[in-house]
Amino acid sequence: MIRKLSLLNSRSKYYIYVGGALWILFILFFINRNLSDNLASANNGNDYSIYNEYDNYEYEIEDTPPKLPQHPERNLTELSIKNHTTYLKIIDHMLHNQTKPQNDINSEIYNTIFDNHDVDTVLGTLSFTQRCDLYFKNVFADNVNWFFSPDKNYDVKFNTDEYKEYMEINEERFKEEFKPKLKKLKNGEKNKAYQNFLHDKYRDYMNPRIDQDIINQLTMFRIFNKCYITNDEVSQINQMDNFITTQQKLVHEENPKPESLQLTEKESLVDLMTSKSATFENRMYPWLSKEYPVYQRYTGKVYNEPPNYHDILKDPFQKTSKQIKSSNQLPNQPFLQKFKNKCNGKGIVLSIANKYVEYTVQLIHLLRALDNRLPIQIVYYDDVSEESKRKIVTAAQEDFKTLPESFQKVSHFFDSDYLDKNSKGLRPQEVWFVNAYNAIHKNYRGKFERFGNKLLATIFTSFDEFMLIDADTVMIQPPEYFFNLEQYKETGAYFFKDRTVNRRPTTDGVYMEKMAPATIDSIMFDIPIMTNYTRSREFFKGLQHYMESGLVMLNKNIHLNSILMISQINFFKPITGKVYGEKELFWLGFAMNGDENYYFDTNFAAAVGHITPPDDRIRDDGSPHHSQEICSPHPGHVSGEDNHTLLWINSGFRFCHQADEVDFEQEAEKKTRFKFLKDAEAFKKYYYEPLRISHAIVPPLDEKLENRKNNEQEPENGWFWEYDYCRRHTLCGYSRIGGKQKLATDKDNTLEGLLVTYNDDEIALFNYLGDIWVGME
Ligand SMILES: *[C@@H]1O[C@H](CO)[C@@H](O)[C@H](O)[C@H]1NC(C)=O
Ligand SMILES: *[C@@H]1O[C@H](CO)[C@@H](O)[C@H](O)[C@H]1NC(C)=O
Ligand SMILES: *[C@@H]1O[C@H](CO)[C@@H](O)[C@H](O)[C@H]1NC(C)=O
Ligand SMILES: *[C@@H]1O[C@H](CO)[C@@H](O)[C@H](O)[C@H]1NC(C)=O
Ligand SMILES: *[C@@H]1O[C@H](CO)[C@@H](O)[C@H](O)[C@H]1NC(C)=O
């Protein structure tokens, strides 16, 4: 808890790379010459390009985007090289220790590429940049107007021409197939059953096509980002050099002289792709306006591009550095690349709307009590009023000298200057407002309500490294503690797990796996396939909620492309329809980007509060349970590093976040929990006061997510949803599940969880922070 100034040193893992803009210019020049001019080109010496259309694209989408076909009505194609010796040899070399994907569905663009070009040519002669170029030539060769449509609807519909057409071709066959079923049906049911049968047939036909369509697009994002956004990063450049060299050596062992690439006529028409990557970016990210958000400091000063925190705050902790092959002078540099290279520093990011201003004020009070010295960016979407900003700035900057009585018990934990910051009391906070509204293209502004806001915050914060939190997230440790977590420093992405409450069909996991990179992505672009690191997570076994996204640690320098992927998958209803809000999108976005360099704290979320007195829950024979119980509306997060430290909780710090909406008379009448609260008045007082924490329970989870039935009246499951308290927000967690079973010969199936007991000092600190957050005297 005690902050040490030593945080300021030895944090600079990064070293400054001074590169020349000429390098990139040279590469671009080189590619143009090689792929566009030197090779067979159908439009040599002709100024006309079909891409003139495409250059003007930016203006075209000012109105409504062109209508796209509802469904990809076409036959699916296949990768033809799956048995090619070179291909098999490279797979064996690259992936032989890994479990191959079960559903290795690749983008169809590869199918076209390898229908037209020899594997040995593509893998044995093309550089990374040339592969990028070839890939995107093929994207546009078929459809010059291709662009990603965030509006696309993937529902299977039955009142369409496509459906009629499909049935015209196939209905005779289906009728025959249905005949045997007819006998078992009553007359009144026949028609309906037949219609359902036809719908199922059509779904079976459409679903693989829809999946393929989404896979095509996700593949495009992964490759575009790697090819044109992070292609200036030294670490990537070095890694790709290595990758290509090794691969070409392998090809040359099979085929010492692979033929050089001959573009097809269609491919050669698609010109100058790489040097136009900024225009090209419009196609990939039509929802970006390519304007920076507006960054406004609490003083009112406005910055129209990412502010340089090291200069403004004179804080060495804000010095983050990038290893970039500098290309600032390039006229066609993609916006996202420019933006990424301007990002700097580290801090706290909060995305809010007007209605969360009260929580934000309380959170800022808490940050002052935690002696936080990192800047805070509040990212919003044009919906935070001046009045609200004033409230937040006041909370951050006004004198804060009168502390709750509970401070007496904890004052000795803090540095001597804890209360004496420019005589303002608790340390004032460096608050910034970031309005993301202008950064979104006006056609797509409606797409980012509610959950989308948080994803925008990950993109538009100008910090390289940040802690992303909700307004009702409550940190129990200072923010710097999180930045210093060993696994955060190692991976640059630290996530927390949710309560292990509900189940989902395992087909959801199969689906998500399908959306992850294919083997050919790995072979062409060194984008790794999913491994057991991701696949063995309980989500794939059928756990409904895996991630708790109320606090997420991210380093944009390492993970920008995965962060972009998170926002892009948010547009796909078949994906978002399987998860609640944005919760799971973080790690799924990583997985779909082929980025497994993330870490989850090992503990699932805990129940935090007080243990239910054993006498309040006795078994039928009058004896107390073996298991302990905590019923609480708050999930908490106990550090997996020591299985003890309470890191953060959510749903604010009041006992009942929803206290304003509770019918106290009604809840007091139930008398199943919180038996020490005798009447409505007692409930009301308790609900409005801070949550008091003496214990935490991380309930156990059966490996196969099965119930542990037992004959001892012990819980079968780690969690019980107690609907009757705090307006359905109370959950009870158990320290152990299972027990002796019916037959004496059956094994005792007890499974222990984690029960943490906090000492008086820790409890005193929780009390102080709770009092600060709620605003107790
Ligand atoms: C799709 O495949 C079927 C059967 O192989 C064939 O009859 C049909 O012509 C194909 N359609 C297209 C658009 O290629
Ligand atoms: C590869 O070979 C297997 C068996 O040898 C065969 O079943 C499969 O159809 C072949 N695949 C391709 C794409 O040629
Ligand atoms: C694969 O496994 C072998 C031994 O089973 C090991 O020697 C080799 O280093 C591993 N390769 C990779 C790429 O992990
Ligand atoms: C990954 O998990 C699967 C299924 O549990 C297992 O069969 C396989 O051996 C594992 N692969 C590795 C590389 O550990
Ligand atoms: C924390 O507890 C889990 C089981 O609940 C155990 O597997 C793990 O090793 C423990 N970690 C530490 C650091 O004690």
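Start at 1 and go down the list; that is how both ligands and their atoms are numbered.
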Requested in this report: Report yes or no: is the cationic atom of Lys578 (NZ for Lys, CZ for Arg) under 6.0 Å from the centre of the six-membered ring of Tyr511, at an angle within 45° of the ring normal?
Outcome: yes
Requested in this report: Test the Lys82-Tyr87 pair against the cation-pi criterion, namely NZ or CZ under 6.0 angstrom from the six-membered ring centroid and within 45° of the ring axis.
Outcome: no
Query - Near-ring test Phe674/Phe655, centroid separation under 6.0 angstrom - result: yes
Report task. Kindly indicate whether a cation-pi arrangement holds for Arg535 with Phe539, taking the cut-offs as under 6.0 Å to the six-membered ring centre and within 45° of the axis. Result -> no
Query raised in the report: For ligand 4, which atoms have a heavy atom of Thr99 less than 4.0 angstrom away?
Result: 1 (C), 8 (C), 10 (C), 11 (N), 12 (C), 13 (C)
Put together the list of close N/O pairs, under 3.5 Å, between ligand 5 and the protein, could you?
residue: ligand 5; atom: 2 (O); partner: Asn643; partner atom: ND2; Å: 2.2
residue: ligand 5; atom: 11 (N); partner: Asn643; partner atom: ND2; Å: 3.0
residue: ligand 5; atom: 14 (O); partner: Asn643; partner atom: ND2; Å: 3.3

Query raised in the report: Is there side-chain contact between Ser651 and His729, with heavy atoms separated by less than 4.5 Å?
Result: no
Query raised in the report: Centres of the Phe586 and Tyr598 rings: under 6.0 Å?
Result: no
**Report entry** Contacts of type side chain to side chain contact (heavy atoms under 4.5 Å, CB included), residue Gln544, not counting sequence neighbours
**Finding:** Asn502, Arg504
Report task. State whether the shortest distance between N or O atoms of Arg535 and N or O atoms of ligand 4 falls below 3.5 angstrom. Result -> no
